[in-house]
Asker: 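Got a structure for you, questions after.
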Amino acid sequence: MLIATWNVNSLKARLPRVQGWIEENQPDVLCIQETKMTEAAFPALTFQEMGYETAHLGQGQWNGVAILSKVGLTDVVANFATGEPDAEARIISATCNGVKVVCVYVPNGRELEHEHYQYKLRWMKQLRDHVDTIAKPTEDVVVTGDFNIAPTDIDVWDPAVFIGATHTSEPERKVLSDLCAWGLTDIFREQHPEPKLYSWWDYRDGSFHKAHGMRIDYLLVTKSLAAKTIETAIDRNARKGEKPSDHAPVTMIVS
DNA sequence: ATGGTGGCCCGGCCA
């Protein structure tokens with residue numbers, strides 16, 4: 001089973017690229033972030049014709065998360081399962097072929113002094129409560145998406161650039177490690193310990209070609225799912241060519 | 001230090 005996550009930065013702008021990537025890679029489960037469209041605008045029929053069931057939590061202009069599956073899609077939970085629902089469309093969960101899948105688009109945070117940064121930290125704590133509500137650490141669970149947090153300095157092209165900025169601050173890394181302490185492992189990093197592996201590159205300043213990126217998209221898996229994971233990858237090729245997203249898909253193959 | 005690009009949709013905001 002191939003499970004993938006991809007922040008597409010507008011499904012409207014990216015639909016041809018997303019369709020092409022699906023046809024080429026045939027993921028069993030694809031988690032999409034930043035659809036930037038309403039539920040009414042979501043191209044469910046297009047994906048259905050490609051063999052996928054879909055669940056989408058849309059918003060309109062911003063955010064929006066979806067799960068596509070051709071191996072079953074049940075127990076859909078749109079938004080948080082516990083506590084106050086998020087006013088923004090940033091989390092959707094479902095069960096696909098026995099795997100509990102949580103698709104997230106974590107708030108960016110904007111600046112350390114910004115109110116949005118506190119929202120990001122609260123959001124990550126609520127994510128842990130959500131996961132604890134819908135799943136057990138002994139089950140097959142993957143929490144995946146765009147976390148907008150670089151877990152360590154090797155996940156950033158130049159840590160010095162991010163001093164005083166979001167994505168690398170200690171409180172962000174702490175809420176991420178608190179989430180992982182529930183029973184989740186960053187499986188791509190476990191399999192690929194070497195530096196200079198990124199999932200996002202700024203559109204500006206030729207960042208992709210300069211290898212100025214960050215690894216902020218990942219697949220956090222429980223022990224049982226990690227044990228079944230054959231391989232993981234970041235598809236850098238999807239960041240090339242005409243009208244790419246600024247994020248690359250991250251994939252895992254499970255036996 | 002700024003602004004670079006590319007989404008949203010047409011004036012700035014967000015990433």
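This structure is a prediction, so every number in the text was calculated from the model and none was measured. Reminder, nothing fancy here: chain letters follow the sequence lines and each chain counts from 1.
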Asker: Tell me which residues in residues 55-66 of chain A lie within less than 4.0 Å of DNA chain B, going by non-hydrogen atoms.
Answerer: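 Here the set is Gln61(A), Trp62(A).
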Asker: For the pair made of CZ in Phe147(A) and P in dA15(B), what is the distance, rounded to whole Å?
Answerer: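 Roughly 17 Å, once rounded to whole Å.
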Asker: Please report, rounded to the nearest Å, how far the C1' atom of dC13(B) is from the CD atom of Glu111(A).
Answerer: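 Atom CD in Glu111(A) sits about 13 Å away from atom C1' in dC13(B).
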Asker: Please give, in whole Å, the distance from dC13(B) P to Arg110(A) CZ?
Answerer: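 Nearest whole value for this atom pair: 11 Å.
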Asker: Could you tell me how far apart Lys12(A) (NZ) and dC8(B) (P) are, to the nearest whole angstrom?
Answerer: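 Roughly 6 Å, once rounded to whole Å.
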Asker: Roughly, in whole Å, what's the span from NZ in Lys240(A) to P in dT5(B)?
Answerer: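 The answer, rounded to whole Å, is 22 Å.
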Asker: State which of dA15(B), dG7(B), dC9(B) makes the closest approach to the side chain of Ser10(A).
Answerer: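 Taking heavy atoms from C-beta onward, the closest nucleotide is dG7(B).
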Asker: Side chain of Asn9(A), heavy atoms from C-beta onward: which of dC8(B), dG7(B), dA15(B) has the nearest atom to it?
Answerer: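 That would be dG7(B).
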Asker: Write down the distance between CD (Glu34(A)) and P (dA15(B)), rounded to a whole number of angstrom.
Answerer: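 In whole Å, dA15(B) P lies 8 Å from Glu34(A) CD.
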Asker: Tell me what Tyr105(A) touches on the nucleic acid: a base, only sugar-phosphate, or nothing, going by heavy atoms under 4.0 Å.
Answerer: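 It contacts sugar-phosphate atoms only.
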Asker: Taking atom types as modelled, find out whether Asp202(A) and Ser207(A) have a side-chain donor-acceptor pair closer than 3.5 angstrom.
Answerer: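 Ser207(A) and Asp202(A) do not have a side-chain donor-acceptor pair below 3.5 Å.
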Asker: Side-chain donor-acceptor pair under 3.5 Å between Asp140(A) and Ser224(A), yes or no?
Answerer: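 The criterion, which ignores hydrogens and geometry beyond distance, is satisfied for Ser224(A) and Asp140(A).
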Asker: Quick one: do the Asp235(A) and Trp6(A) side chains pair a donor with an acceptor below 3.5 Å?
Answerer: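 Asp235(A) vs Trp6(A): no donor-acceptor pair found between side chains.
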Asker: Please report the distance, rounded to the nearest Å, between OH in Tyr119(A) and C1' in dA15(B).
Answerer: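 Distance check: Tyr119(A) OH to dA15(B) C1' gives 14 Å.
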Asker: Could you give the distance separating dA15(B) and dC9(B) at their P atoms, to the nearest angstrom?
Answerer: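 Comparing P positions in dC9(B) and dA15(B) gives a spacing of 15 Å.
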Asker: What do you reckon, are the aromatic ring centroids of His114(A) and Tyr117(A) less than 6.0 Å apart?
Answerer: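 That pair fails the under 6.0 Å test.
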Asker: What is the distance from CH2 of Trp201(A) to P of dG7(B), rounded to the nearest Å?
Answerer: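 After rounding, the gap between these two atoms is 17 Å.
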Asker: Among Asn148(A), Val104(A), Val175(A), Asp178(A), exactly one meets side chain to side chain contact (heavy atoms under 4.5 Å, CB included) together with Met124(A). Which residue is that?
Answerer: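 One option only clears the test, and that one is Val175(A).
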Asker: Which residue, Trp200(A) or Asp205(A), contacts DNA chain B at a nucleotide closer to its 5' end, judged by nearest heavy atom?
Answerer: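 It is Asp205(A), whose closest nucleotide lies nearer the 5' terminus.
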Asker: Quick one about Gln48(A) and Thr54(A) (side-chain donor to acceptor, distance below 3.5 Å, no hydrogens or angles considered), yes or no?
Answerer: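 Per modelled atom types, Thr54(A) and Gln48(A) side chains form no pair under 3.5 Å.
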Asker: With DNA chain B as reference, determine whether Asp246(A) or Lys36(A) sits nearer its 5' end, using the nearest nucleotide of each.
Answerer: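 With Asp246(A) and Lys36(A) compared, the 5'-side residue is Lys36(A).
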Asker: Between dA1(B) and dC10(B), how many Å separate the two P atoms, rounded to a whole number?
Answerer: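 Looking at atom P only, dA1(B) and dC10(B) are 35 Å apart.
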Asker: With the side chain of Arg90(A) defined as its heavy atoms from C-beta on, choose the nearest nucleotide among dC8(B), dA15(B), dG6(B).
Answerer: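 Side chain of Arg90(A) sits closest to dA15(B).
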Asker: May I ask you to evaluate whether Lys243(A) reaches the phosphate of dG7(B), defined as a side-chain N or O under 4.0 Å from OP1 or OP2?
Answerer: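 Affirmative; the distance criterion is met.
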Asker: Run the ring-centre check on Trp200(A) versus Phe147(A) and record whether the distance is less than 6.0 Å.
Answerer: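 That pair fails the under 6.0 Å test.
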